[in-house]
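Just so you know, these numbers come straight off a predicted model, no measurement behind them. Each chain gets a letter, A, B and so on, in the order its sequence line appears, and its residues count up from 1. Values reported hereafter were calculated over all heavy atoms of this structure, with side chains retained and with hydrogens, waters and symmetry mates removed.
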Protein chains: 2
Amino acid sequence: MGKVRVIEIHEDISAANERTAEAIREKMTQQGTLFLNVMSAPGSGKTTTLIALINALKDRYRIGVMDVDIQSTLDAQRVADATGVRSLQVHNGGLCHIDADMTARALAEYGTEDLDILFLENIGNLVCPAEFDTGAHRNIMLLSVPEGHDKPLKYPLMFRVSDLVLINKIDTLDYFDFDIALAEAYIRKLNPKAEILPMSAKTGEGLDRLVRWVELCKEQVTA
Amino acid sequence: MGKVRVIEIHEDISAANERTAEAIREKMTQQGTLFLNVMSAPGSGKTTTLIALINALKDRYRIGVMDVDIQSTLDAQRVADATGVRSLQVHNGGLCHIDADMTARALAEYGTEDLDILFLENIGNLVCPAEFDTGAHRNIMLLSVPEGHDKPLKYPLMFRVSDLVLINKIDTLDYFDFDIALAEAYIRKLNPKAEILPMSAKTGEGLDRLVRWVELCKEQVTA
């Protein structure tokens, strides 16, 4: 095996990613498309939440979805079947994240000019996606009750970069040791500005507040 | 910003990691320590399962634990408090995985010579940890019922590299749409040799089978 030289490229990658992300944001703002990035651990309910949210919004807005996964087209198909909106499955080559450059390529493939709101369902992971600005206007993350209220302490960056934290699956609070007040305190300490909304995508509890949050973002960003 | 040259170092990193992992495995075998790597998404119940398992084994074996996290010492403290065994918290500098080199440094810090069984509680993530052989004799992964039975389709590598898949939190099967037979079929298709054990770390259901699996590994590996 030959000798391998290692060079540090982190700062350049990060700066280039930030430039691409800003360019995406600017373009989406100009064309009037609110772009929302949805992140969580695997199985926290991103797809179910998006389906409920899109069905509550789709009569008033033209909506699109891009689903990022390592493999399978399950999520994109589920959203398309359940909402009728146009949905694109993005395979990210086995990586644990999607960066701004990959997002830009997916956006070009999708063709987003006619959309009022575009959702990016990120890969299920609490570490890597938090490190890459995708160019979305806002980051939404889901923490589900079965995961436990200690997750903000263990994955702090994800909670720092999120504008909205949905505490999902609150219909199961009786079956898990999850302290909502404690979770909120942990999140507020990391990110005092984050909005925190307890909800259940399954029962629809709290969905109205999520809908209003998205409507408000749409007004703020692309009015 | 200066021009940055990028070189491909993946193969060398992978080969070097494999060599280090093999060296760890050989050393652990020679000193009679069974080394088990435990992986899952965030909040699947790794820590609770380890506590129940260690308490069932600790009268017959000398046991140790290393907990990997980005931040906090919650898990290491919880295991130490609940089992009394020696526990080391490893902070991995914000990465989404631990590789064989980082594991080797943690093992040297710990001092494992007097242990019969050592558990590595990996970082909560279904992508990155699957890519790095840590030098453990066996990989255990947990898929918890609230996450959904489709996870093998979406994170296939994690299920391919695991010797034992624990389907955890089966006490909550009534509250989630989780089809155990379907999950097992998906897992078997990716990895026909994997052992699959439904269990609940909370109620103790299925724990006896996990204990027997570990005892059998101990006999096979270090007898």
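To the nearest 0.5 Å, atoms OG1 (B/Thr47) and CG (A/Asp150) are separated by 8.0 Å. Taken to the nearest 0.5 Å, the OG atom of B/Ser144 stands 8.0 Å off from the CD atom of A/Glu147. In this structure, B/Glu131 CD and A/Leu95 CG are separated by 8.0 Å, a value rounded to the nearest 0.5 Å. Interatomic distance, B/Lys202 NZ to A/Asp177 CG, rounded to the nearest 0.5 Å: 5.0 Å.
For a residue to count as touching a neighbouring chain, one of its non-hydrogen atoms must lie under 4.5 Å from one of that chain's; by this rule B/Tyr155 touches chain A with the side chain only. Of the two parts of A/Asp75, only the side chain, counted from C-beta on, holds a non-hydrogen atom closer than 4.5 Å to a non-hydrogen atom of chain B. Heavy atoms of B/Leu74 lying under 4.5 Å from chain A belong exclusively to its side chain. For B/Leu143, no part lies under 4.5 angstrom from a heavy atom of chain A. Interface remark: B/Pro42 contributes backbone and side-chain atoms alike to the contact with chain A (heavy atom separation under 4.5 Å). For A/Leu157, no part sits under 4.5 Å from any heavy atom of chain B, backbone or side chain. Only the side chain of B/Lys151 comes within contact range of chain A, with at least one heavy atom under 4.5 Å from a heavy atom of that chain.
B/Lys169 places a side-chain N or O within 3.5 Å of a backbone atom of A/Pro146 that can act as its donor or acceptor partner.
When the candidates A/Asp171, A/Leu153, A/Ile123 are compared by the number of heavy-atom contacts under 4.5 Å with chain B, A/Leu153 comes out ahead. With respect to chain B, the highest number of heavy-atom pairs below 4.5 Å among A/Cys96, A/Gly148, A/Ser44 belongs to A/Cys96.
B/Glu22 CD: more than 12 foreign heavy atoms inside a 6.0 Å radius. Counted within 6.0 Å of CD on A/Glu109, heavy atoms from surrounding residues, nucleotides or ligands total 12 or fewer; the atom is thus considered open.
Nearest heavy-atom pair across B/Val127 and A/Gly94 is CG1-O, 3.8 Å.
Using a 4.5 Å cut-off on side-chain heavy atoms (C-beta onward), A/Asp174 and B/Tyr175 make no contact.
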